[in-house]
Amino acid sequence: MAVAAYLNSMKEQTDILVSGGGVAGLVAAIAFGNAGFDVICVDPTPPVTERDAEGSDLRTTAFLQPARDFLDLIGLWSSFDSYATPLTTMRIVDASSDDQITRDFVSSDISDRPFGWNLPNWLLRRQMLAHLGRLPNVQFRAGVATTSVFTRQSEARVKLSDGTTVLARLVIAADGRGSPMREAAGIDVKTTRFGQKALSFAVTHDVPHDTVSTEVHRSGGPFTLVPLPDHDGKPCSAVVWMEDGAEVTRLLALDPKEFEAEATDRSAHVAGQLRLATRRTAWPIISQIADRMSAERIALIAETAHVVPPIGAQGLNMSLGDIKVLLSLAQVKPDTLGDAEMLDAYHRKRMSPTKLRVSGITWLNRASQADQPMAQAARAMGLRALHGSGTVRKSLMKLGLGASG
Ligand SMILES: Cc1cc2nc3c(=O)[nH]c(=O)nc-3n(C[C@H](O)[C@H](O)[C@H](O)COP(=O)(O)OP(=O)(O)OC[C@H]3O[C@@H](n4cnc5c(N)ncnc54)[C@H](O)[C@@H]3O)c2cc1C
């Protein structure tokens with residue numbers, strides 16, 4: 001009797017269990033909590049919420065217009081607003097030949113708002129944890145992992161690493177590119193490897209960024225500077241520098257002064273001398289797509305469903321698109337949350353746009369890796385042609401913004 005009572009006390013019921021408290025999982029927990037659902041979100045890795053702390057995520061996220069609108073809708077944007085740096089121009093520089101080409105894509109051509117707003121990922125986590133604290137129906141449990149899932153038509157039973165079993169109407173799998181929930185659901189993935197890594201760090205520089213995000217192409221992948229607020233009184237930008245894996249290993253081993261010199265050279269001096277403002281972190285680059293976006297009582301979102309190289313600020317913006325669609329389906333018929341009809345509709349709505357975007361970005365990444373003169377010439381010619389036609393230029397900009405739609 002005492003044993004049965006003990007086992008029952010380890011069982012909990014909730015509307016939604018979010019597996020994974022990365023940026024996407026935390027947004028999902030807030031979105032559904034804000035809509036009135038009971039949510040438990042678990043993650044074995046406690047979030048790091050200070051820039052200079054060990055393990056902090058120094059990547060930044062450029063939230064594009066649709067993403068900002070969604071964050072507004074779920075009441076979260078006000079927690080980010082005062083830290084966001086607007087991005088009003090996307091500058092593309094092809095520096096693969098002496099005849100350097102620079103082309104600007106200006107947001108005022110298509111909109112009266114900036115393209116996007118840039119925020120550091122460590123700061124997003126800090127702001128979201130504070131926001132979660134104000135939602136009594138959302139629990140975030142750091143240091144706890146999902147270990148297994150068993151589903152039936154009416155619910156999912158998820159075992160947690162602290163011994164608890166959670167009965168949920170819907171499991172949102174946001175536990176990353178190697179997702180244990182996706183694996184437990186038997187959903188396969190297709191992965192493309194590029195042999196590339198991305199270095200992510202922040203720099204100060206002499207030339208003000210004037211809210212221009214600059215992508216410099218040569219070979220190995222783009223070198224992108226994305227505006228941040230001033231640091232120590234100097235203009236500051238986040239950098240994503242993509243290169244072949246061996247080259248990234250070499251760059252990481254350089255002392256800071258040598259590294260700064262190489263980074264400044266690779267940036268084609270567009271912002272003047274670059275100086276490190278943070279440590280350097282490296283991220284493996286792949287494209288990946290899951291075969292399905294859902295299984296019985298389980299919805300895949302974010303990197304659990306799709307991973308793309310960091311080009312054009314698409315990754316997390318696509319993830320917000322997943323959450324937006326899932327939330328709108330849940331709100332139409334809250335009583336049927338997580339049933340087969342809802343999850344099939346989610347799969348149908350998200351699979352095609354996700355496939356299209358993953359293959360488009362995979363192609364763009366291959367083009368930016370090009371190191372043969374012929375391929376580089378074709379890339380430069382493409383940039384001239386795409387920018388030269390006002391209609392094509394505007395369509396491309398609108399296409400880029402569609403990431404979270
Ligand atoms: C260099 C770089 C720059 C980028 N820039 C941009 C950008 O400007 N704009 C943009 O939109 N996107 C960008 N992206 C993409 C974006 O950073 C990612 O899409 C996003 O961070 C992934 O978030 P996620 O929550 O899906 O996954 P993750 O951050 O991987 O989170 C998954 C979480 O699941 C947890 N987990 C693992 N196992 C379990 C388990 N068993 N139980 C519970 N939890 C578990 C992990 O601990 C982790 O916290 C960039 C990516 C890179 C590499």
Side-chain angles (χ1 to χ4, degrees), residues 17-29 40-48 55 57-64 66-68 85 87 90 115-122 124-125 128 140-149 158-162 166 171-184 196-201 213 215 221-224 226-228 238-243 248 280-288 300-323 357 361 365 400-401 403-404:
L17 185 281
V18 182
S19 179
V23 176
L26 290 176
V27 173
I40 298 174
C41 175
V42 299
D43 196 308
T45 313
V48 180
D57 183 349
L58 294 176
R59 293 174 298 176
T60 64
T61 298
F63 289 104
L64 304 176
R68 174 180 169 154
T85 310
L87 309 175
M90 309 279 218
F115 284 120
W117 295 263
N118 196 36
L119 287 124
N121 285 9
W122 63 267
L124 294 174
R125 286 184 171 86
M128 284 197 281
F140 176 61
R141 299 185 191 163
V144 178
T146 49
T147 56
S148 67
V149 61
V158 185
K159 286 220 164 109
L160 305 183
S161 56
D162 64 359
V166 176
V171 174
I172 298 182
D175 38 19
R177 48 181 76 181
S179 165
M181 285 292 103
R182 184 187 64 220
E183 206 168 294
Q196 252 177 332
K197 283 190 179 163
L199 280 169
S200 172
F201 51 95
S213 175
E215 204 170 284
F223 182 107
T224 309
V226 193
L228 285 172
V239 175
V240 176
W241 182 359
M242 287 163 66
E243 284 289 355
V248 166
R280 294 159 266 178
T281 55
W283 302 86
I285 299 305
I286 58 166
S287 280
Q288 182 168 280
L300 310 191
I301 66 162
E303 289 212 336
T304 300
H306 44 75
V307 185
V308 289
I311 293 185
Q314 300 287 310
L316 192 67
N317 280 271
M318 284 164 75
S319 308
L320 296 195
D322 301 338
I323 301 168
R357 219 158 268 274
I361 297 164
N365 191 43
L401 285 185
S404 75

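The analysis underlying the following values was restricted to heavy atoms, covering all of them including side chains, and did not include hydrogens, waters or symmetry mates. Keep in mind the model is a prediction, meaning the values are calculated, not measured. Start at 1 and go down the list; that is how both ligands and their atoms are numbered.
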Under 4.0 Å from a heavy atom of [X]: give me the atoms of ligand 1 that qualify, with their elements.
X: Thr45; answer: 47 (O)
X: Val23; answer: 25 (O)
X: Ala302; answer: 26 (O)
X: Ala62; answer: 7 (C), 8 (O), 9 (N)
X: Val42; answer: 43 (C), 44 (N)
X: Gly315; answer: 10 (C), 11 (O), 12 (N), 19 (O)
X: Gly176; answer: 30 (O), 32 (C)

| query | Going by distance only, is there an N or O of Asn317 that falls short of 3.5 Å from an N or O of ligand 1? | reply |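 Yes: some nitrogen or oxygen of Asn317 is under 3.5 Å from one in ligand 1.
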| field | Backbone or side-chain N or O of Thr304 under 3.5 Å from ligand 1 N or O | value |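 No - when backbone and side-chain N and O of Thr304 are compared with those of ligand 1, no distance drops under 3.5 Å.
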[atom]: which protein heavy atom is closest, and how many Å away?
atom: atom 13 (C) of ligand 1; answer: Leu316 N, 4.2 Å
atom: atom 49 (O) of ligand 1; answer: Asp43 OD2, 2.6 Å
atom: atom 45 (C) of ligand 1; answer: Pro44 CD, 3.4 Å
atom: atom 52 (C) of ligand 1; answer: Arg59 CD, 3.4 Å
atom: atom 6 (C) of ligand 1; answer: Thr60 O, 3.7 Å
atom: atom 50 (C) of ligand 1; answer: Pro310 CB, 4.0 Å
atom: atom 34 (O) of ligand 1; answer: Asp175 CA, 3.2 Å
atom: atom 24 (P) of ligand 1; answer: Ala24 CB, 4.0 Å

Measure from [atom] to every heavy atom in [options] and give the option owning the shortest one.
atom: atom 18 (C) of ligand 1; options: Arg125, Glu303, His306, Lys197; result: Glu303
atom: atom 41 (N) of ligand 1; options: Val308, Leu58, Val18, Thr146; result: Thr146
atom: atom 32 (C) of ligand 1; options: Pro309, Gly20, Ala174; result: Ala174

To the nearest 0.5 Å, tell me how far [X] [atom1] sits from [Y] [atom2].
X: Ile361; Y: Met318; atom1: CD1; atom2: CE; answer: 6.0 Å
X: Ile285; Y: Lys197; atom1: CD1; atom2: NZ; answer: 10.0 Å
X: Arg182; Y: Ser19; atom1: CZ; atom2: OG; answer: 11.5 Å
X: Thr224; Y: Ile311; atom1: OG1; atom2: CD1; answer: 8.0 Å
X: Thr45; Y: Asp175; atom1: OG1; atom2: CG; answer: 11.0 Å
X: Phe201; Y: Arg280; atom1: CZ; atom2: CZ; answer: 8.5 Å

Taking C-beta and beyond as the side chain, do [X] and [Y] meet within less than 4.5 Å on heavy atoms?
X: Phe140; Y: Val18; answer: no
X: Leu160; Y: Thr146; answer: yes
X: Thr304; Y: Met181; answer: no

| query | Should Leu199 be listed as contacting ligand 1, given a heavy-atom distance under 4.0 Å as the test? | reply |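 Contact check Leu199 vs ligand 1: negative.
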| said: If the contact criterion is a heavy-atom separation under 4.0 Å, does Ser319 count as touching ligand 1? | reply: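 In this structure, Ser319 fails to qualify as a contact of ligand 1 - no heavy atom is under 4.0 Å.
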| request: Would you kindly specify which portion of Gln314 sits under 4.0 Å from ligand 1, judged on non-hydrogen atoms: side chain, backbone, both or neither? | output: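 The part of Gln314 near ligand 1 is the backbone, not the side chain.
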| With a 3.5 Å cut-off and no angle check, do the side chains of Gln288 and Arg177 form a donor-acceptor pair? |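 The answer is no; no qualifying pair exists.
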| Among side-chain atoms of Thr60 and Asn118, is any donor-acceptor pair under 3.5 angstrom? |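 The criterion, which ignores hydrogens and geometry beyond distance, is satisfied for Asn118 and Thr60.
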| request: Applying ring pair (Phe, Tyr, Trp, His ring centres under 6.0 Å), name anything that partners Phe223, two or more places apart in sequence or on another chain. | output: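 Phe223: ring pair (Phe, Tyr, Trp, His ring centres under 6.0 Å) contacts with Trp241.
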| request: Taking all heavy atoms of Pro310 and all of Val240, pick out the closest pair and write down the distance. | output: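 Of all heavy-atom pairs spanning Pro310 and Val240, the closest is CG-CG1, 4.0 Å.
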| query | How would you list, by chain and number, every residue that makes a side-chain contact (heavy atoms from CB on, under 4.5 Å) with Ala145, sequence neighbours excluded? | reply |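 Checked Ala145 against side-chain contact (heavy atoms from CB on, under 4.5 Å); matches are Pro44, Ser161.
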